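Written below as structure tokens is the structure these notes are about.
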Amino acid sequence: MAVRVQREDFDLAAELKALTAGDHRIGGLASFVGLVRDMADLGAGAAAPVTAMTLEHYPGMTEKMLVRIEDEACRRWHLSASLIIHRYGRLEAGDQIVLVACAAPHRGDALDACHFLIDWLKTEAPFWKLEETPDGDGHWVDARDSDTAATAKWR
Amino acid sequence: MAVRVQREDFDLAAELKALTAGDHRIGGLASFVGLVRDMADLGAGAAAPVTAMTLEHYPGMTEKMLVRIEDEACRRWHLSASLIIHRYGRLEAGDQIVLVACAAPHRGDALDACHFLIDWLKTEAPFWKLEETPDGDGHWVDARDSDTAATAKWR
Amino acid sequence: MKLIYFAWVRDKIGHAEETLAPPANVATVGDLVAWLATVSPGHAAALADMSVVRCAVNQEYVGLSHPLATGDEVAFFPPVTGG
Amino acid sequence: MKLIYFAWVRDKIGHAEETLAPPANVATVGDLVAWLATVSPGHAAALADMSVVRCAVNQEYVGLSHPLATGDEVAFFPPVTGG
């Protein structure tokens, strides 16, 4: 069970390997990586190109919320190990933003907990995205109703 | 969209990296890795130690079923890329058995398709596990009702 | 007709595949199962409970009523346990 | 009282944090929002529509009726968009 909030990129391979290393009770490892897309959804099917984004967060509260979300996952599912890494700062299209990974004796626990963590994190962890468009403008990404709905299904 | 059935281990990092490389429309990458557990479920909470297992399959039909399952996922969700790797032969506790990975513009598609693929594969792809216990005995793993139920929810 | 067996179905029958020529009145998978049970005690034991045996004809899952044709590849095996 | 602002709330107010001493009749978050709107046009603009502003007191999400104490760390920000 671990949470990291960092500016640096992460090595997906090394993180996943470390999560299961030496624990042969683990039958499944589910993971999700969020990546910076080069297009922003503007709603109604419209999209705009994005060259980069800056992720801002609330130091202290971020870690507190991520630990709480992870604790909640451990209460709901039987997990052997879990990891949340969330980056902040300036990221470019294709860059990794977030990693959520859950290892468990049974695949259902790993898969459901992983899905729960990313849905919950999206509506509870204090991060904000400022997208840069090619004309040099920056605009703050609006929270999406679909994210709120995704979290609601776990309540 | 790719399916591989192989005796050799796979490099999780390299596979995941290749799946998203260069496609900046991808916003999420969901993956599941199945690992050989050192304990077998005997039902009713009982378990027995397992030192290794041998995975047998039906060459030809296996690939055909995996391609069909992957096609079905692509019909149901908007995916940018997907990959199924399933090993056969003798594997030891902690070894990787299977990788399912889905990349998509939106996380929900990647997560749901990944979950679907592993559930469906478990009841449709012609693989059989022979578990070895420390006393040298081998026994064929029984299909689990829970796997059939997991697949049924996607129908 | 090519017959292929996997896992404990193969263990009970004693070999992984064989080529057999069933009599002309074997028209379906169910007929084939009944006839195979007369071939050897191993075949009979392996196919005694078809609720735990699956059949594929030409690499497609089929039921007992599926019709058979000359040259079919017919496989019998337990419910699958991969993943 | 330490006040912290993020994202477009900060952009509208013009700075990321400040220490203010609200009058004694500011007992809740709702009171604080009303008082802050009098501090500057930027504050007023940032907090004009509290349906799109979240508040955390001492790093816990709270509603407008949440009571305030001296020494609280109060943060205002838009709905979160991480992940």
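These numbers come from the heavy atoms of this one structure, side chains and all, not from hydrogens, waters or symmetry mates. Note that this is a predicted model, so its numbers are computed, not measured. In what follows, chains are A, B, ... by sequence order, proteins preceding strands, each numbered from 1.
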Minimal non-hydrogen separation, B/I118 against A/L111, with atom names: CG2-CD1, 3.6 Å
Interatomic spacing from CG in A/L12 to OG in B/S31 - rounded to 0.5 Å: 7.0 Å
Contact origin within A/T20 toward chain B - heavy atom pairs under 4.5 Å: side chain
OG1-NE2 distance between B/T51 and A/H24, expressed to the nearest 0.5 angstrom: 12.0 Å
Side chain / backbone / both / neither for B/A150 at chain A, heavy atoms under 4.5 Å: side chain
Residue part contacting chain B, namely of A/D11, when any heavy atom lies under 4.5 Å: neither
Heavy-atom pairs under 4.5 Å with chain B, option from A/E92, A/K122, A/M39, A/Q96 with the top count: A/K122
Among B/G94, B/A103, B/G27, residue most engaged with chain A (heavy-atom pairs, under 4.5 Å): B/G27
Ion pair A/D23/B/R37, N-O distance below 4.0 Å: no
Residue part contacting chain A, namely of B/D119, when any heavy atom lies under 4.5 Å: both
Residues in residues 62-75 of chain A near chain B [non-hydrogen atoms, under 4.5 Å]: none
Ion pair A/R107/B/D147, N-O distance below 4.0 Å: yes
Which portion of B/V36 sits near chain A, non-hydrogen atoms under 4.5 angstrom: backbone
B/K17 portion near chain A, given a 4.5 angstrom heavy-atom threshold: neither
